[in-house]
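As the structure lists them, so they are numbered: ligands from 1, and atoms in each ligand from 1.
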Amino acid sequence: MVEYGGCSAKISPKQLEEILKYLPLPIDPNILVDIDTHDDAGVYRVNDNLALVLTTDFFPPVCSDPYEFGQIAAANSISDVYAMGGDPVLALNIMMFPAAKLPMEAYAEIMKGGYDKASEAGVRIIGGHTIDDFPPKYGLAVVGYVNPAKIITNSGAHPGDNLILTKPLGTGIIMAAQRLKMVSEADILEAKRLMKLLNKSGAEVMKKHDIKGATDITGFGLAGHALKMAMASKVSVTLNMGKVPLIGSTYHLIDDGCIPGASFRNLEFVDEHLLSSPGLDYNLKMIAFDAQTSGGLLMSAPADKTEAVLADLHKAGLESASIIGTVIKRDGKYLHLSS
Ligand code: CO
Ligand code: CO
Ligand code: CO
């Protein structure tokens, strides 16, 4: 049932914008972060030392193994708490499952994968809700804690910062290529390993170095999430696509025509804010729009901290963490892409 799975199944960012503009935002001084800055999660102050981070994510299968799907979905849901500098604590299961079409063992395996990944993150799943639906969908609603003075948001990027990405790109392209049987087993394994990998260690490094601006890279692709960061921070962002680490054969799969539909929807959303350098390589451009499932953190590190942050990320096992761009003063378009 893996046809249109993972974060690429998100509604297009353009359509989402159309819908959200009809929705009034609640006004309350304790709401510290809401959808106004397109952040990964909402944040609500309980008292001066404690705020709650709330988020949810769910999607159709991105791989055919139900246990792995559960792990990936949970890692992805919890990631939005890490991206905000929070500590995930509690979660609820959200499950849609076609009971008449699939064995109940698959249901149990998805939940077990989610449970194990949540446990690894120190998250307790204390309830949930199930609907009979096809195709299956799974994810979590997650609650985390954060010190109100230490929230990391899309709006914390400053001119002069370097942008560091903690996981290689290409999960959208690799998983689409798997469905077309165009890609090696090694690349599929690596994509799945990365999607299952919690953003916990990357978040710990961000907290240690007091990083203010970050997001995780998921359905809107590197370019889409970088654009949201640029808009919220009122800056421009330069992405050097040649420096972006890629999973295995990602680059060459584009030569073979493997560009998922979600990439074009993401491009359509970003296009009016995009300045492409004249020599920009087409494949690298399309990789910027590849919808990631459970992608890495994109953090905005002040120049004097960048080397130490990078060294700590590598030490934490995120060996492909790299500087992939810079934050500059608002200069025409929000997003500048070069090779
Ligand atoms: Co996110
Ligand atoms: Co999310
Ligand atoms: Co209920």
Lys/Arg-Asp/Glu bridge criterion (N-O < 4.0 Å) met for K207, E204: no

N, O or S atom within D216 nearest to the Co ion (ligand 1), by name: OD1

Sidechain N-carboxylate O distance under 4.0 Å for E109, K112: no

Name of whichever N/O/S atom of D57 is nearest to the Co ion (ligand 2): OD2

Atom nearest to the Co ion (ligand 2) - D80, N, O or S atoms considered: OD2

Exceeds 12 heavy-atom contacts within 6.0 angstrom, atom NE2 of H273: yes

Residue from L165, L337, T326 passing side chain to side chain contact (heavy atoms under 4.5 Å, CB included) with L239: L337

Considering only N, O or S atoms of D40, the one closest to the Co ion (ligand 1): OD1

